[in-house]
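Take a look at the structure below.
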Amino acid sequence: MKKIFKVLLFLIFAAALVIALIYGAFALITKDAVLDESKLTNYSRSITVCDADGNEITNASLIYKRKSVNLNDLNKDTVNAFIASEDRTFFKHNGLNYKRMAKALYKNIVSRSFKEGASTISQQLIKNTHLTGEKTIKRKLSEIKLTKELEQRYSKQKILEMYLNTIYFGHNCYGLESAAEFYYGITATNLNLEQSATMAGLLTSPNNYSPFKNAQKCEERRNIVLKSMQTCGYIDNEEYKNAVNSPLSAEKNQDIGTDDYLTAVFDELEDIGIDYYSLSGGSKIKTFLDVNLQKHIENLTFDSDNSVIIISAKGGVKAYKSTIGSARRQPGSTIKPLLVYAPAIEEKLLYPDTKILDEKVNYSGYSPENYDKNYHGYVTVAQSIANSYNIPAVKTLNALTLDRAEKYAAKMGIKLENDEKNLSLALGGMKYGLTLKDICDRYSTFTNNGNYGKSHFINEIIAENGKVIYKAENTTQKVFSIGTCSLMNDMLLQTAKSGTAKKLKNIPFDVAAKTGTCGNLQGNTDAYCIAYTSEDCIGVWLGDKDNTPLNITGGNNCTQIAESILNKLYEVKPPAPLNVTSGTTTIKIDRDEYTNNNKIILADRAAPMLKTKEIKVIKGSEPKLASTRFSCPTIEKPTINVKNNAVFISLCQTEYYVYLIERESNGQKIQVYNGEWINNFCDEVEDGNYVYYVTPCYCGKEKTYYGKTIKLPAVNIGTKTQQPQQKIPDIIHWDWYNE
């Protein structure tokens, strides 16, 4: 019995020691965690946003930021929406939900991560106002300590009120009051059931569930909150059904400084994963904004929905406006240089001067047409791009193959869906499409030596203590060689001078451009002009967000807007010329083969200048086949006849060649003709046997090139045999005068 007592006593002592050690370790680890009331009630959180020059453009957390809401003034649906969504047992626990914590701990152990948090509203308030977003044991223990102190010091009502006044709702809205003003233009006290559920639904992921960015996801999340409210008994079935069937009533209030550029800045802030709650008052966001350019594009006149973006070659967005937000649209012909022609040049399938037959085609039922409903015969790649012909683009993609096109798309961050992997991709046929920023980022690859990188609105973020906590990185992916980029720049320069973007032809500096239009017989739904210089890329989109057909085109309306922006952008100093030579070489090709047979082969080294044509190709992709028709003259075998004891030799007609004719008799060979082509050479000789030799020649500037000598059949003059003549000449009908 004494032995059992000793063991029990030892176990109690050991347990007490373990508990003491745990408490000691807990106290030591959390000794720096101190509850600060000023942090709990700081409802004036703000972030200063600066332009590219460091000047403040707005105190971006809205003019309503200093207003807080009193919990007692909110209607019950608003309070219940947050309770049902975030912490159903809020009024029952003492700050910690041990059951949820144990469940989360088990899941974290199984997954070997800290994915599950099991935070109550009290814990979230502490984490958002006192701690960082890092997932460590120390941070979690500090959270537990401060949550216990919070629950001891404040009532549940006060904790919930502080929570609602500090929580982040996206678009730089901290607190329910500023969120209600931003999303609905009303005070938080006037939020109805549908609006309250929408607000509560945002908290899971403000960026993903914003009604202005993802209305469908926002509505789905709102309905989940409403279902939770019904489950908790806060609303009955009829209230639930009415609210679920209600459309989203959020409407951006444009009178409180929420312009498009700032919206994009805070969208990017959420995308880069910065903890919103770490950006306390005094934090600063430096952007790439050019205020003058922004004012210019905002003052432009538009007759439809529109989107305009200006991105520097270094990847900073200088100006941006959009009535469709960051919606993805069909890119139309703007995709041709990116996924068709540049990859085909990179793969050495063609050159800018390669000719493609523009004709009616049918690929298993797919028969594309040109926008003008005509066929244009053989056209060069450069002409196909400049005039935005569809059939040559489809033919090129077919030769390139969809697999290789997909490889280049992936390098530029474009993921093709299975039903997008068909030849209509050459004309911009995509399921989801691209944003205007996406398209411009890909075109900037041509000015960045073939390296693709995403552009940014935010340059850097500086915390209140002056520490830079984020800096935009220009991470890039190599897509094309510099030679391919030079050739594409050159062809797109021609597009701006004489092609579909020729409204830019009077711009007094290098600008490359590509237009695009999507639509049907009733009108066009999307029109583009992408124009770029060595320093900037400009994107213009016009259309209707609901896809209503309009009378717009990329080459007309969009290009006019691009011209206005280019003139404003470089009103002080023009940009440097575009690179159109690096990685390329100029070669001479045989002009006759190119003109008559649509073939690109190297010109003969001895060819006269008029018989050559210069084209530009990537170094290392020069054609292997070369002409030899001047350095090694070749002709068809001449014919020889005897008439009235004279020898007649018919020579094939050639240009630039001269003929050397030799006569052999009795073992001696003499030259009887040396000159330009004549139709019939006549040699009057005495009776005897003769053999003639014909040698074509080309007289170059420095030397004469001799072709292969052709030996003609022997002839006999003045004998009965009369070879090779086999019949008596018709003297009566013989036109001897013209011979």
| message | What verdict does the side chain to side chain contact (heavy atoms under 4.5 Å, CB included) test give for Ser85 and Ser228, after you've listed the backbone C-alpha separation in whole Å, the side-chain angles of each residue and the deciding distance to 0.1 Å? | response | CA-CA 6 Å; Ser85 175; Ser228 295; 5.7 Å; no
Within 6.0 angstrom of [X] [atom1], more than 12 heavy atoms from elsewhere:
X: Lys286; atom1: NZ; value: no
X: Lys471; atom1: NZ; value: yes
X: Asn551; atom1: CG; value: no
X: Asp303; atom1: CG; value: no
X: Lys314; atom1: NZ; value: no
X: Lys156; atom1: NZ; value: yes

| said: Parallel, tilted or perpendicular: which one describes the rings of Phe82 and Phe169, with boundaries at 30° and 60°? | reply: perpendicular
[X] bridged to [Y] by N-O distance under 4.0 Å:
X: Lys217; Y: Glu220; result: no
X: Lys454; Y: Asp441; result: no
X: Lys503; Y: Glu563; result: no
X: Lys431; Y: Glu420; result: no
X: Lys321; Y: Glu298; result: no

Would you confirm whether [X], through its side chain, and [Y], through its main-chain N or O, come within 3.5 Å as a donor-acceptor pair?
X: Glu177; Y: Ala188; result: yes
X: Asp305; Y: Lys545; result: yes
X: Tyr443; Y: Thr334; result: yes
X: Ser444; Y: Cys440; result: yes
X: Glu268; Y: Val265; result: no
X: Asp544; Y: Asp546; result: yes
X: Asn214; Y: Gln216; result: no
X: Asn451; Y: Asn448; result: yes
X: Asn524; Y: Ile552; result: yes

From [X] atom [atom1] to [Y] atom [atom2], the distance as rounded to the nearest 0.5 Å:
X: Gln294; Y: Ile310; atom1: CD; atom2: CD1; result: 8.0 Å
X: Ser196; Y: Lys76; atom1: OG; atom2: NZ; result: 10.5 Å
X: Ser326; Y: Phe212; atom1: OG; atom2: CZ; result: 13.0 Å
X: Met199; Y: Cys173; atom1: CE; atom2: SG; result: 8.0 Å
X: Gln195; Y: Asn75; atom1: CD; atom2: CG; result: 9.5 Å
X: Tyr163; Y: Ser122; atom1: OH; atom2: OG; result: 10.0 Å

| Verdict with reasoning, Tyr452 to Tyr408, per ring-ring contact (aromatic ring centres under 6.0 Å, His included) | CA-CA 11 Å; Tyr452 161 70; Tyr408 287 95; over 10 Å; no
| message | Once ring-ring contact (aromatic ring centres under 6.0 Å, His included) is applied, do any residues pair with Tyr168, and if so which ones, sequence neighbours excluded? | response |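 Per chain and number, Tyr168 pairs via ring-ring contact (aromatic ring centres under 6.0 Å, His included) with Tyr174, Tyr276.
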| field | Exercise: identify the closest heavy-atom pair between Gly325 and Ser322 | value |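 Heavy-atom minimum between the residues: O-OG, 2.8 Å.
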List, one per line, each side-chain donor-acceptor pair under 3.5 Å for residues 412-419, sequence neighbours excluded.
from	atom 1	to	atom 2	distance (Å)
Asn418	OD1	Lys421	NZ	3.4

| Of Leu176, Leu71, Asp73, which is the lone residue that meets side chain to side chain contact (heavy atoms under 4.5 Å, CB included) with Glu161? |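 Going through the options one by one, the only one that passes is Leu71.
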| task | Dump the intermediate steps for side chain to side chain contact (heavy atoms under 4.5 Å, CB included) on Ile309 and Ile311, then the final yes or no. | result | CA-CA 7 Å; Ile309 193 167; Ile311 304 173; 3.9 Å; yes
Is the closest side-chain heavy-atom distance between [X] and [Y] below 4.5 Å?
X: Ile324; Y: Arg329; result: yes
X: Leu226; Y: Arg222; result: yes
X: Ile57; Y: Val291; result: yes
X: Tyr234; Y: Ile83; result: yes
X: Phe302; Y: Ile561; result: yes
X: Thr445; Y: Leu338; result: no
X: Thr198; Y: Cys218; result: yes
X: Leu427; Y: Lys336; result: yes

| query | Without hydrogens or angle criteria, can the side chains of Asn556 and Thr553 be said to hold a donor-acceptor pair below 3.5 Å? | reply | no
| query | Will you find, in the side chains of Asn306 and Trp541, an N or O donor that is under 3.5 Å from an N or O acceptor? | reply |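 Checked: Asn306/Trp541 side chains show no N/O donor-acceptor pair below 3.5 Å.
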| said: As a quick check of understanding, evaluate side chain to side chain contact (heavy atoms under 4.5 Å, CB included) for Thr263 and Asp267, giving each step before the final call. | reply: CA-CA 6 Å; Thr263 298; Asp267 286 347; 3.8 Å; yes
| request: Kindly determine whether Ser564 and His296 satisfy side-chain hydrogen bond (donor to acceptor under 3.5 Å, both in side chains), including the steps that lead there. | output: CA-CA 9 Å; Ser564 169; His296 180 76; 3.1 Å; yes
| task | Go through Thr533 and Tyr570 one step at a time and tell me if the side-chain hydrogen bond (donor to acceptor under 3.5 Å, both in side chains) criterion holds. | result | CA-CA 10 Å; Thr533 68; Tyr570 303 110; 2.6 Å; yes
| query | Does the separation of the ring centres of Phe457 and Tyr320 fall below 6.0 angstrom? | reply | yes
| With ring centroids as reference points, do Tyr261 and Phe288 lie under 6.0 angstrom apart? | no
| Given the rule in the side-chain hydrogen bond (donor to acceptor under 3.5 Å, both in side chains) test, do Ser249 and Glu194 qualify, once you have shown the distances and angles that lead to the verdict? | CA-CA 8 Å; Ser249 58; Glu194 180 270 325; 2.8 Å; yes
| request: Verify side-chain hydrogen bond (donor to acceptor under 3.5 Å, both in side chains) between Gln124 and Lys127, making sure each step is shown before the conclusion. | output: CA-CA 5 Å; Gln124 290 182 53; Lys127 184 185 72 172; over 6 Å; no
| field | Val79 and Leu160: CA distance, side-chain angles, deciding distance, side chain to side chain contact (heavy atoms under 4.5 Å, CB included) verdict | value | CA-CA 9 Å; Val79 174; Leu160 182 57; 3.7 Å; yes
